[in-house]
Amino acid sequence: MHHFQYKGNELYAEEVAVKDIVASVGSPVYIYSHATLERHYTAMDEAFASVPHTICYSMKANSNLAVLKTFFNQGGGVDIVSGGELFRALSAGVDPKKVVYSGVGKKDDEIEYALNTGILLFNVESEEELDRIDQVAGRLGKKAGIAIRVNPDVDPETHPYITTGLKKAKFGINIERSLEQYKRAAKMANLEIIGVDCHIGSQLTKVAPFIDTIKKLKRLIEGLKEAGITLQYFDLGGGLGITYSDEAPPLPAEYGTAIVAETKNMGLHLLFEPGRNLVGNAGIMVAKCLYTKKGDEKNFVIVDAAMNDLARPSLYGSYHGVQAVRKDQQETIVADIVGPICESGDFLAKDREMPAFKQDDLIAFMSAGAYGFTMSSNYNSRPRAAEVMVKGDSFFVVREREKVEDLVRGEKLPSFL
Ligand code: LLP
């Protein structure tokens, strides 16, 4: 459930008419519902209320400071994958002890930054990374809390680009090699082994792959115990899917019940890294129709947002619902919604039945809160969109629309020109 609903013919974000936001902020614009964000966090948190747990929001999904602060106010932490994300999280006031750091390519300066910040743990993704974190921690005279990201070789049955837990993936350390790497880590002076981690993929619509993963990791944890290595944290990663069109993923409560049942005897503090599930349906992107065009074989609706604003359709062929901000058009057409970018891959919807949009109509792209703005770029020298958060009957610009001056910030002409 989310708070983007019609009142009469007008689409509202909570108590604010979307058209009023566009009138003031312009388009394209991302709009987030604060009540929906809180509700999604609460649903996830309550699903694990019976066991010790921390929700480390995977901020790559949406790293706007206002979104982060919303979750931190509710007690959440973050899953980060770069020094830049750590900076953002600290800027929004995260408790460092609720930060987990994942990613296959951590750099020395990022490791140092994280150690100086005092994060909870590093999710270590390779044998060489273990050595590197040990060295950097030694240099700083610190102990680094670590978990090994174990690649369990489980198929999450999702899009290949967002499948991460199969053997052929670049992520984590293969489960067969994990025990030996834990034993090696146990001998390193500057590491403190505190957990085990995994993340098998994104947009999962079933619980079974999570449960298969837990079963495999339990065997590893037994092996660790025999080797005298005890853990405090079990990090199951993120990945719980959402409804974009007709998917029916388990609700957080069902996901929680199944996972609690499978993990409760482990006696470990659970960590979760949900991204999409918390923010995906808490955001929409709104664009304006610039032109319509009848091709010989196709109809096109040309809007002022493009693949640089919302990359998912171009990149993965993803579906985002298309809705009229004002629902007064009865007639429908089958069309592609495309942006101004000079690439045929620049589309937001393809061969879709939709209202017969006309010039200046506002169009909402639904479920755009996750991997929307964060994956946007300046391609074709397009300033990035504004971001707005709605709370009740008020709205707040939480990121200003970029200006053309922002496009050349940092660029310098060499003296020979
Ligand atoms: N933890 C780790 C280590 C991850 O790599 C990810 C996502 C998450 C947690 C959060 O996964 P979620 O709960 O959001 O499924 N750009 C793609 C999705 C890429 C996911 C990358 N990793 C998309 O737009 O669908």
Side-chain angles (χ1 to χ4, degrees), residues 37 40-41 43-44 47 54-63 67 71 76-82 85 89 99-106 121-126 129 147-152 156-166 169-173 195-207 209-210 213 234-245 247 249-250 252 255 259 270-283 285 307 309-320 348 365-377:
L37 292 168
H40 289 172
Y41 182 92
M44 191 62 81
T54 307
I55 294 178
C56 297
Y57 166 57
S58 188
M59 60 180 283
K60 60 176 80 71
N62 186 325
S63 56
V67 172
F71 296 144
V78 275
D79 161 49
I80 60 166
V81 290
S82 69
E85 285 195 341
V99 178
V100 301
Y101 187 174
S102 312
V104 295
K106 304 178 186 77
L121 59 82
F122 292 86
N123 285 325
V124 180
E125 305 228 13
S126 66
E129 189 191 326
I148 287 184
R149 175 167 176 182
V150 176
N151 183 335
E157 298 171 37
T158 180
H159 192 291
Y161 282 15
I162 47 179
T163 292
T164 47
L166 283 176
K170 69 174 176 179
F171 301 99
I173 295 180
V196 62
D197 168 53
C198 59
H199 169 77
I200 55 174
S202 201
Q203 183 55 14
L204 271 73
T205 52
K206 297 192 188 109
V207 172
F210 292 112
T213 299
F234 181 98
D235 184 341
L236 189 58
L240 183 61
I242 62 168
T243 302
Y244 284 97
S245 72
E247 305 91 334
Y255 167 79
I259 287 165
L270 301 182
L271 300 174
F272 297 95
E273 303 171 359
R276 190 189 317 267
N277 194 269
L278 299 190
V279 293
N281 278 320
M285 184 190 69
M307 64 190 284
D309 298 299
L310 180 61
R312 305 189 69 256
S314 300
L315 203 50
Y316 316 115
S318 306
Y319 175 100
H320 286 270
L348 298 170
F365 296 88
M366 309 307 288
S367 316
Y371 307 106
F373 187 88
T374 50
M375 290 177 71
S376 66
S377 78

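Model, not experiment: these values are computed from the prediction. Side-chain atoms are counted along with the backbone in the values below, which use heavy atoms only and exclude waters and symmetry mates. Both ligands and their constituent atoms are indexed starting at 1 by order of listing.
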Short N or O distance, Arg149 and ligand 1, threshold 3.5 Å exclusive
no

What atoms of ligand 1 come closer than 4.0 angstrom to any heavy atom of Asp79?
1 (N), 2 (C), 9 (C)

Atoms of ligand 1 close to Tyr316 [distance to a heavy atom under 4.0 angstrom, numbered from 1]:
16 (N), 17 (C), 23 (C), 24 (O), 25 (O)

Considering only heavy atoms of Ser202, which atoms of ligand 1 have at least one such atom less than 4.0 Å away?
11 (O), 12 (P), 14 (O), 15 (O), 20 (C)

Per-atom contacts, ligand 1 versus Gly275 - under 4.0 Å to a heavy atom
12 (P), 13 (O), 14 (O)

Please round to the nearest 0.5 Å and tell me the distance separating atom CZ of Arg276 and atom OG of Ser367.
10.0 Å

If we number the atoms of ligand 1 from 1 as shown, the ones under 4.0 Å from a heavy atom of Gly239 are 11 (O), 12 (P), 13 (O), 15 (O)

Any N/O of Ser102 closer than 3.5 Å to an N/O of ligand 1?
no

Using 0.5 Å steps for rounding, measure from the OG atom of Ser102 to the CZ atom of Phe122.
11.0 Å

Tell me if the centroids of the rings in Tyr244 and Tyr319 come within less than 6.0 Å of each other.
no

If the condition is salt bridge (Lys or Arg N to Asp or Glu O under 4.0 Å), which residues does Glu129 pass it with, not counting sequence neighbours?
Lys106

CG-CD distance between Leu278 and Glu273, expressed to the nearest 0.5 angstrom:
12.0 Å

Subset of ligand 1 atoms that lie under 4.0 Å from at least one heavy atom of Arg276
12 (P), 13 (O), 14 (O), 18 (C), 23 (C), 25 (O)

I need the atoms of ligand 1 closer than 4.0 Å to a non-hydrogen atom of Pro274, numbered in the order shown.
13 (O)

Residue set satisfying side-chain contact (heavy atoms from CB on, under 4.5 Å) with Ala147, at least two apart, ordered chain then number -> Leu121, Asn123, Asp197

If I take atom CG from residue Leu348 and atom OG from residue Ser318, how far apart are they, to the nearest 0.5 angstrom?
11.0 Å

Under a 4.0 angstrom heavy-atom cut-off, which atoms of ligand 1 come close to Glu273?
1 (N), 2 (C), 3 (C), 8 (C), 9 (C), 10 (C), 13 (O)

